[in-house]
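Here the structure is laid out as structure tokens; the discussion comes afterwards.
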Amino acid sequence: MFKPVSSKLNANQMELEVLDYWKKEDIFHASIKNREGKTEYVFYEGPPTANGMPGVHHVLARVFKDIFPRYRTMQGYHVIRRGGWDTHGLPVEIEVEKKLGFTNKQQIEDYGIAEFNQLCRESAFKYIQEWEKLTERIAFWVDLDTAYITYKNSYIESVWWILKNFWEKDLLYQGFKVVPYCPRCGTPLSDHEVSLGYRDATDPSVYVRMPLVDDPSTSLLVWTTTPWTLPGNVAIAAHPNVDYVTVERKESSGEGTEKLILAKSQIESIFGDEEVKIVSEFKGKQLKGKRYQPLYTFLPPDKPAYRVVLADYVITNEGSGLVHQAPAFGADDMQTAIDEDLPILMTVAPNGTFIPEVKQWAGRFVKDADPFIIEDLNNRGLLFRTVPITHTYPFCWRCDTPLLYYARPTWYIRTSAKKDDLVANNQKVNWYPNHIKDGRFGNWLANNIDWALGRERYWGTPLPVWECESCHHQECIGSVQELSEKTGKDLKGLDLHRPYVDEVEYACPKCGETMHRVPELIDVWFDSGSMPVAQWHYPFENEQEFKEHYPADYICEAVDQTRGWFYSLHAISTLLFDQQCFKNVVCLGLILDGDGQKMSKTRGNVVSPWEVLDKHGADAMRWYLYTASPPGQERRFSADLVNEVLRSFTLTLWNTYSFFVTYANLDGWQPGKADKPQYSKLDEWLLAELHGLVRDVTTAYENYDVLGATRPIEGFVDHLSNWYLRRSRRRFWKSGSDADKEAAYSTLYEALVMLSKLLAPSMPFIADEMYRNLVVNLDPQAPKSVHLADWPKFNEGRLNDELVADMNLVMKLVSLGHAARNKSQIKVRQPLQEAAFSVSNIHDSAVIHEYADLLQDELNVKSVRALSAASEAAAYELVPLPKQLGQKYKDQFPLIRKAILALDPEKAAGMLLKGENLKISVDGEDFEILPEEVEVRMQAKEGFEVASDGAYIAALVTTLTDDLVNEGLVREFVRRVQEARKQADFEIADRIRLIYSCSAKLKYAIECFKDYIMDETLSVELDGENVPNILPNLSDEFDGETLTIWLDKA
RNA sequence: GGGCCUUUAGCUCAGCUGGUUAGAGCGCGCCUCUGAUAAGGGCGAGGUCUCAGGUUCGAGUCCUGAAAGGCCCA
């Protein structure tokens, strides 16, 4: 006996029960233990941060991470899945700062770094339970008990080892570069962090006069969108090859004139309708070296400044074509300063305010000083114009402070030195979708810039570089032991975080003075990118484990990780081992809400995963995420869309399963009893589709094609339920057991068991629920769960393309037959005499005969046949097929087509249908047209109800004989009896006594078909005479007849 | 400003190397079937395949350009 299965499914409840079973039997670990000693399949978990609530996008990533390890496990691989947590970094610090109400770094220092970091350590796992709960509920099988944690000493020590390795290869260096800098957080931001905060902002753009030293009546007209950088001005840049002009204009006071230098192309946009006189015209290079009067002299330049320099990056489609240069506040400016040996004026303090030397605005946040600077320039007659400009400007992604571009000393990894290796190793990676490889990721590598590693913060992996306070000798430390040796103290118990590591000092080997650790931490992306090494505490231990699990076979994250984790893994792996870090990577698109809007807290359209899980279950949610669109594409998400999956796919499958179990139990059927089932055509067809499905799904999994591994199953289940099962119902209903019934059970059983395996990686709950009932329940030898089972192999001998094609044709003809019935307004319950079909070739007409029974039954007609071309066709049409003829005759095709259409269709059709060639001539050239190159279509004569699609026609003979009418009435009668049975809550197998009273014509019909009726309704007695004096079960009128019935269990 | 992606029915998506009349599901309207089904079947409305050029006998598909949206980067 199978466990009875209700046709109603409570997905949530079913899944929770399965979860309990998995937990009780520890199926996850069993599935790994199961494969011990087998080939390793290596998966890396990209560590999330557990200091925020997990959302739908995390579910997306996690279910995609889950699917391939499950598949590979079933294929016999050993797949350990070690979880991981990203615990360091600014996001964690920000949370703690918020909690403490801090707004700047000084408050943290005052509070105490040790205490602050302790809170960070706790906060990093604030939502760990939420993460664990969700991970379990969506059946992401990952080992969280052994998860690596980036703040652990062992992890940090491995990261140090990597850094030391880079140090020894001269890949770690301290540089002085202009970086995007958050004055509030007091730290430079990585490119990745900066990119999180771009948005439109309005700033004052100003045009400023810079009078020439040699000719004070002439000024350079200089443009900038950052007035606060003007006190740091040291030069003006012009483009060498752009045309510049000196124009003369009336001064706005009305008196006198002034001369201004600017790019010629900007005259109109700057002066508009105002009349200006062009005094002279010249190339930009002629401006080189021209000296101008400085705007401000707060800081004395230590090198010659205040002159025009040339630079190619000067643009002339906005501004004036003359660009103000402040090397401390722009990457381009800095480069120019280096090239031109210009001074660097640092007018701003690390907290974003002007330094005391900038007397007027000292202590004021620079952006807030803009209006005052503008006012000052105006008062001094140097301001030409100010115009608000809206442009995209970066803001700090955490605290929303406008970023400043700011020259800072910081640490870099010289990734650009290994650019060729980075590019070469990328070529070995399979990217899904493929375009990322040479697109987004490839371009990023090709334009590689050094990795800005340093962070001037508190909670993170400290940069293990010690520097002598006196001679500035630097050393990089690669292990705790090394540090112990340096200091002569056993530092095994040392917490490798600030402030404890900062307290470790030792004597400089060069000069004997004290070595202190440099203040920086490292970028958290370096933490997570180190996980292949650091999760094993390699090379300090676990050498074997590390080597067996490097590189990864499979990783998967959202596309925003291109420059995040994907890059940090790839870069570290390349610099460390010159090897690719991952072989296959699936890159997921973003999640949008049901209307295609990005989910965000501010929009309030964030869907909670639990909302969906509680209602529709994890399987449906997973299935939706897998099948909605290609993985790399963004996908919409809403509870309704998931509900759709449940309704159209899960429930169809479940009902098929429930049907099988119900009838198999009724018949006491068990698998494997009959040696060799005598399969019908329909069975063989389903098995051909089934084994084709196994083949296709397997191929898809091998190619990391999630859509290909899921969508075809939907199509199969639809065929299984709405064709195979519908067509086979009577085989299961009939009483007794015979070979045909056995074949039907065997086929359906095989399909359901196979489906449970094919669905195991994608819908792990329903798959196991079915498998355990269908297989484990009967076979004590079987694995306890589908997830411990082997992936199915398809049977080549079961494949049958011709049979599949034939059945497709049958379905099409049935569909046309239904269409014709619909037109005739004759319901399907009324039998008709005959259906005739027209098809486009000889093979297809054989199909009509072969599947005559099926067609008759499905369309409720007494006979089917091919439409006779000779006697029943009214007109023929020739359709020259462009695919065949076009490819064969190329540009002659249009004329040949015309010639074919000009033939007498009837005569030509006759020849083609006999398999003869057509002879035509075009421009004196003769051609033989083959029968397969022209499609013959016919139209049926009158007297039929016809529906057609292309060459396919279904024609119904709609004249009704008395016999047919009687049979129709009987069918109506039977249906009402069945309805009454259902309403009386009888069991499917209950036998009944049936009493009826009705009008004469119906009564006659019932008498004629008495045996049929008793058989259909499981009546042991059919009585039209002895009407009882009690309330009837049903009274009805139809087709002009009246009917009353009583029934009773026999 | 650069790179990449997307644009096909009201919605979600197919459309293989160019080839007959561009399809499916959902939704909508009408009809129908049913002792597995919250289902199934049929018919109908709904498309200038974002636009403009080009290549070709033939373009949703290939090429060029443009537009809109998205992501990433400046």
Side-chain angles (χ1 to χ4, degrees), chain A residues 5-9 191-192 194-195 198 315 317 331-332 392 394 433 435-436 438-444 446-447 558-560 562-563 589-590 592 594-596 598 624 627-630 632-636 640-641 643-644 646-649 651-663 707 711 714-715 718 721-723 725-726 729 732-733 814-823 825-829 858 860 879-887 889-897 934-935 937 947 949-951 975 977-979 981-982 986-990 1016-1018:
Chain A
V5 176
S6 158
S7 65
K8 308 270 183 268
L9 169 67
D191 293 331
H192 163 260
V194 175
S195 70
Y198 274 100
I315 51 160
N317 55 2
D332 288 335
T392 50
H435 63 79
I436 308 273
D438 293 314
R440 190 174 287 196
F441 197 69
N443 288 335
W444 164 243
N447 300 314
V559 70
D560 56 355
T562 313
R563 315 233 167 153
L590 278 104
L592 307 174
D595 298 323
K598 200 171 165 176
Y624 174 75
T627 55
S629 57
Q633 225 150 293
E634 55 197 30
R635 70 204 59 222
R636 299 180 179 208
D640 286 347
L641 290 166
N643 188 34
E644 188 62 41
L646 200 65
R647 277 180 38 204
S648 63
F649 178 59
L651 288 174
T652 309
L653 174 64
W654 187 262
N655 285 313
T656 309
Y657 164 61
S658 159
F659 175 94
F660 168 82
V661 169
T662 304
Y663 283 89
L707 277 186
R711 275 185 183 168
E714 286 184 332
D718 183 56
S721 169
N722 292 323
W723 190 254
L725 198 56
R726 193 158 58 81
R729 272 197 299 231
F732 295 97
W733 287 346
V814 166
S815 172
L816 284 171
H818 281 303
R821 268 206 176 259
N822 221 307
K823 278 188 191 164
Q825 303 273 9
I826 300 175
K827 57 197 168 190
V828 179
R829 219 179 280 132
E858 190 67 23
N860 195 18
V879 182
L881 297 173
K883 179 148 188 181
Q884 285 83 335
L885 291 167
Q887 273 167 13
Y889 297 111
K890 310 282 179 206
D891 55 351
Q892 288 173 304
F893 171 63
L895 289 175
I896 289 171
R897 179 171 189 275
V934 179
E935 189 176 277
R937 293 182 185 179
D949 178 31
R975 211 193 87 54
V977 174
Q978 305 290 31
E979 180 67 29
R981 281 186 61 121
K982 208 171 171 180
F986 288 0
E987 292 300 317
I988 290 166
D990 285 344
E1016 283 292 302
T1017 60
L1018 298 182

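Order of the sequence lines sets the chain letters (A, B, ...), proteins ahead of strands, with each chain counted from 1.
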- Task: Have a look at A/Leu9 and say if it touches a base, only the backbone sugar-phosphate, or nothing, with a 4.0 Å heavy-atom cut-off.
- Result: base
- Could you check A/Thr652 against A/Asp718 for side chain to side chain contact (heavy atoms under 4.5 Å, CB included), going step by step and ending with a plain yes or no? CA-CA 7 Å; A/Thr652 309; A/Asp718 183 56; 5.6 Å; no
- Query: Is there a donor and acceptor pair closer than 3.5 Å between the side chain of A/Gln633 and the base of B/U6?
  - Reply: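 A donor-acceptor contact between them is absent.
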- Does the base of B/C73 carry an N or O that pairs as donor and acceptor with the side chain of A/Arg440 under 3.5 Å?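 No pair found.
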Show the nearest heavy-atom pair for residues [X] and [Y], with the distance to one decimal.
X: A/Trp654; Y: A/Val5; result: CZ2-CG1, 3.5 Å
X: A/Leu1018; Y: A/Arg981; result: CB-NH1, 3.6 Å
X: A/Pro880; Y: A/Leu885; result: CB-CD1, 3.6 Å
X: A/Leu707; Y: A/Ser629; result: CD2-O, 4.0 Å
X: A/Gln978; Y: A/Glu1016; result: NE2-O, 3.0 Å
X: A/Ser6; Y: A/Ser658; result: C-OG, 3.7 Å

- Item | Proximity to the side chain of A/His818 - top-ranked nucleotide from B/C71, B/G19, B/G42 | B/G42
- Message: Please encode protein proximity along nucleotides 27-37 of chain B as a string of B, S and -, counting only heavy-atom distances under 4.0 Å.
- Response: S----SSSBBB
With rounding to whole Å, what would you report as the distance between [N] and [M] at their [atom1] atoms?
N: B/U56; M: B/G47; atom1: C1'; result: 25 Å
N: B/G58; M: B/A22; atom1: C1'; result: 15 Å
N: B/U61; M: B/G19; atom1: C1'; result: 11 Å
N: B/G40; M: B/U34; atom1: C1'; result: 8 Å
N: B/C43; M: B/U48; atom1: C1'; result: 26 Å
N: B/G23; M: B/A66; atom1: P; result: 33 Å
N: B/U64; M: B/U6; atom1: P; result: 15 Å
N: B/U8; M: B/A59; atom1: C1'; result: 14 Å

- Test A/Phe659 against A/Asn655 for side chain to side chain contact (heavy atoms under 4.5 Å, CB included), laying out the working first. CA-CA 6 Å; A/Phe659 175 94; A/Asn655 285 313; over 6 Å; no
To the nearest Å, give me how far apart [atom1] ([X]) and [atom2] ([N]) are.
X: A/Arg711; N: B/G23; atom1: CZ; atom2: C1'; answer: 13 Å
X: A/Asn447; N: B/G3; atom1: CG; atom2: C1'; answer: 9 Å
X: A/Lys883; N: B/G15; atom1: NZ; atom2: C1'; answer: 13 Å
X: A/Ile436; N: B/U6; atom1: CD1; atom2: C1'; answer: 13 Å
X: A/Trp723; N: B/G42; atom1: CH2; atom2: P; answer: 10 Å
X: A/Tyr889; N: B/U56; atom1: OH; atom2: P; answer: 22 Å
X: A/Phe893; N: B/C57; atom1: CZ; atom2: C1'; answer: 7 Å
X: A/Leu881; N: B/G18; atom1: CG; atom2: C1'; answer: 16 Å

- Can you tell me which stems RNA chain B forms when a stem means 3 or more consecutive Watson-Crick or G-U pairs under 3.5 Å?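 If one scans RNA chain B for consecutive Watson-Crick or G-U pairs, the stems found are B:1-7 with B:67-73, B:10-13 with B:23-26, B:28-32 with B:40-44, B:50-54 with B:62-66.
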- With nearest nucleotides of RNA chain B determined for A/Lys890 and A/Ser815 from heavy-atom distances, which residue corresponds to the more 5′ nucleotide?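 The answer here is A/Ser815.
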- Message: Closest-nucleotide mapping onto RNA chain B: is A/Thr562 or A/Asp718 further toward the 5' terminus? I mean the 5' end.
- Response: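 Per heavy-atom nearest nucleotide, the more 5' residue is A/Asp718.
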- Query: Taking it one step at a time, do A/Phe732 and A/Leu725 satisfy side chain to side chain contact (heavy atoms under 4.5 Å, CB included)?
  - Reply: CA-CA 9 Å; A/Phe732 295 97; A/Leu725 198 56; 4.1 Å; yes
- Query: Once you round to the nearest 0.5 Å, how far does CD of A/Gln887 lie from CZ of A/Phe893?
  - Reply: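 Going from CD on A/Gln887 over to CZ on A/Phe893, the span is 10.5 Å.
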- Query: Got a second to check how far A/Arg440's CZ is from A/Arg563's CZ, nearest 0.5 Å?
  - Reply: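 With rounding to 0.5 Å, CZ (A/Arg440) is 7.5 Å from CZ (A/Arg563).
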